[in-house]
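Whatever order the structure lists them in is the order used to number ligands and atoms, beginning at 1. It should be emphasised that the depicted structure is a prediction, and the values quoted were computed from it without experimental measurement.
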Amino acid sequence: MSTAQMNTSAEYWTELTGSLRLPQQMWIDGQWRAARNDGTSPLITPRDGSVLVDVAAAHDADVDDAVAGAARAFETGVWSKLSPRERGDVLIRWADLLEAHRSEIAALISLEMGKPVTHAWQIETRTSIGLIRWYGELADKLMDESPRSRTDSVALVTREPLGVIAAITPWNFPVSLACFKIPAALVAGNSVVLKPASQSPLSMLRIAELGSRAGLPPGVFQVVTGSGPVTGKALAAHPQVSTLTFTGSTAVGQQLLHYAGDSNVKPVWLELGGKSPNIIFPDAPDLDEAIGTAAWAISFNSGQMCTAGSRLLVHRSIHDQVLDGIVKHLAALRIGDPLDPATEFGPLASARHRDDVLAEIRRGIDSGTTLALGSGEPLDRPGCFVAPAVFDDVEPDSRLAQHEIFGPVLSVLTFDDETEAVAIANNSDYGLGSAVWTADISRAHRISRSLDAGLVWVNCYEEGDPSVPFGGRKLSGHGADKSAHGLDKFTALKTTWIKLT
Ligand code: NAP
C-alpha cells in the first residue's frame, strides 16, 4: 500500500494542469497513431464547457489495425509465452510508473470528466495502482489442476489465454474500471484492445504509454478512441476478438450481446447499471455514521456511480432523524471547480448528462413526490453542475425508485420491518450493490442471504479491495471483475488426458 501524500496546494494543481500534454492520438502497436482518415472529435470538459483537445475518432479500418496488431503480438508469443513471473514483473513496474505519474493522471481524469481531483488522486488512482500491482504479484501464484481420477492415466486441467480481449469502459471511473479488467486479462497472457468512453479517453491513453515504458511489448495493450456506435461497435463485432468485457449501461450491454451473436459468438461479460438499496435499521451501531455514509453514497462522484446508494430504505421510527441528517450533509457539500483540491462535489460529466438528470428531477417533482432538497434547475455557475436532490416518501414501484438516474438524486423509502425492507430492496430489475446497517449479526446475515445483489456491505458502503470480486445480477450484468475470480473470463479451460503405458 502506497504511503504517498497528495499535494493539496491549489497553485500546484493549476500549474500542473497548465503544463499537461493532452494525448490526441490512439495508442496502437506501441506508438501514437492518428485515425486513418484523420478523423477527430472534440473533447469538452464539464468543468467549464470548453474544448480541451480534439481526439482521434477511429473507424472500422483503425479497429481492424488495432485488433490485428493485438492478435499478431499474441501469436508471436512476445507476451503470451513469457513466464507468469516475467509478465507479473512488467505489471509491477507499470504500477510503479503510475505511482510516479499519479498527480498527472489524476489531473487528466479531473479535466476530462470533472471528478474532484482529490477523489481522482485519493481513490481512483490508488485503486488502479493497487489492482495492477495485485495482479502483478498474483502472476506466479496461480495453480492448474491435476484431478486424482484413474490409476492408468494422468489428467491435467490447465487455463490458457484466449487471444485478443476487447474492453469497453464508461467515463465515471475512467481508470479504475479499466483496471478492474486489463491487468487480469494481461497477466493471463492475452492481448487487450481498450475503447474508453468518448468523454474520458485521456487518462487511459497516457497510462497505455506508461505501460509500454514498463515493458508491455507493442500490440499487447492497444487503446482505440472514438464513439460507441462506430468504434465500440466495430470492436464488439470484430471476428478476431475472443472475448468482450464491458462496463456501462444496461441498454448498451444488451446491444453488445447482439453484436457478439451476429459475429463470432464471443463471450460478453457485462458490468451494468444499478439502483442500489441502502437499508438503515434503528439499531445501526452508529446512526451518525450511517447518515453521513448514506449522504456520501449518493453524492460521491456527483452520484455517477453504478453502486450509488440511490434507494435509501429507512425504518419508520428513525425516518425524520435520518432524512434531516442527510439533507444537512448534502447541503453542506463544497461544490466547486474539480481542479481545486478543496472541492468535494464537482460537475456532472457532460451537458447532455446534466440535462438528463435535471429532467428526471423535474419528472419526480411533477409526479407529486415530496422534494426534501434540490431543484430541477442547473446551478448558476459555468460547467455541468446539478446540486444534490432528495425525494421523500417515494413509492416502491415509482420511476424514482426503479429508474437509474446516475446523478446525485436520492429516493427515500420507509419500511416497518425486516421482511418489508427485503421485499422493497429486491423490488428492482437491478442487482448490483446493497447495504444494511444493524448491530444484530443474525439480522445482517439473514438480510445478506436474502438480498438479490452481487455486493452486500454491512455497516459500511462501497468497501472492498483487489482480493474480492465485484459484479452484479439481473440487469446489472454477470461475471466478476477483480480478485482471482476476475481471471476466469480471460482464460479457457483445457483438459489434457495422458494414458500411462
Ligand atoms: P454507456 O453509454 O453504456 O457507455 C459505456 C461505453 O460503451 C462507452 O465507451 C461508450 O462509448 C460505449 N458504447 C456506447 N454505445 C455503444 C455501442 N453501440 N457499441 C459499443 N460500445 C458502445 O455508459 P456510460 O453512460 O458511459 O456509463 C454509465 C452507465 O454505466 C450507468 O448505467 C452505470 O450504472 C454503468 N456502470 C456500471 C458499472 C458496473 O461496474 N456495473 C460501473 C460503472 C458504470 P461512448 O462513450 O462513445 O458513448
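- At least one heavy atom of Ser227 sits closer than 4.0 Å to an atom of ligand 1.
- Salt bridge annotation for Lys275-Asp429: absent, with no cationic side-chain nitrogen under 4.0 angstrom from a carboxylate oxygen.
- Of the candidates Ser249, Ala197, Ser41, the one placing a heavy atom closest to atom 29 (C) of ligand 1 is Ser249.
- Distances from atom 9 (O) of ligand 1 to the heavy atoms of Thr169, Val252, Leu455 put Thr169 nearest.
- A heavy-atom separation below 4.0 Å is not found between Phe173 and ligand 1.
- The closest heavy-atom contact to atom 35 (C) of ligand 1, among the options Pro174, Ser476, Cys306, Gly248, comes from Gly248.
- Proximity to Asn172 (heavy-atom distance under 4.0 Å) selects the following atoms of ligand 1: 43 (C), 44 (C).
- For the pair Thr118 and Met6, the minimum side-chain heavy-atom distance is below 4.5 Å.
- Cation-pi check for Lys474 over Tyr430 is not met; the charged atom does not lie both under 6.0 angstrom from the ring centroid and within 45 degrees of its normal.
- Of the heavy atoms in Glu271, both backbone and side-chain atoms come closer than 4.0 Å to ligand 1.
- Not a single N or O atom of Gln199, backbone or side chain, sits closer than 3.5 Å to an N or O atom of ligand 1.
- In terms of polar-atom proximity, defined here as any N/O pair under 3.5 Å, Lys195 does make such a contact with ligand 1.
- Close to ligand 1: Pro196, with a non-hydrogen atom less than 4.0 angstrom away.
- Checked against a 3.5 angstrom limit, the closest N/O atoms of Leu177 and ligand 1 fall outside it.
- Proximity to Phe406 (heavy-atom distance under 4.0 Å) selects the following atoms of ligand 1: 28 (C), 31 (C), 33 (C), 34 (O).
- Counting atoms of ligand 1 from 1 in the listed order, those under 4.0 Å from a heavy atom of Leu256 are 19 (N), 20 (C).
- Heavy-atom distances between Phe180 and ligand 1 stay at or above 4.0 Å for every pair.
- Not one N or O of Ile168 is nearer than 3.5 Å to an N or O of ligand 1, by distance alone.
- Residue-to-ligand polar distances place Glu404 within reach of ligand 1: an N/O pair is separated by less than 3.5 Å.
- Heavy atoms of Gly226 approach ligand 1 to within less than 4.0 angstrom.
- In terms of polar-atom proximity, defined here as any N/O pair under 3.5 Å, Trp171 does make such a contact with ligand 1.
- Taking the ring centre of Tyr259 as origin, the terminal cationic atom of Lys266 falls outside the region bounded by 6.0 Å and 45° from the ring axis.
- With ligand atoms numbered from 1 in the order given, ligand 1 contributes 41 (N) to contacts under 4.0 Å with heavy atoms of Leu432.
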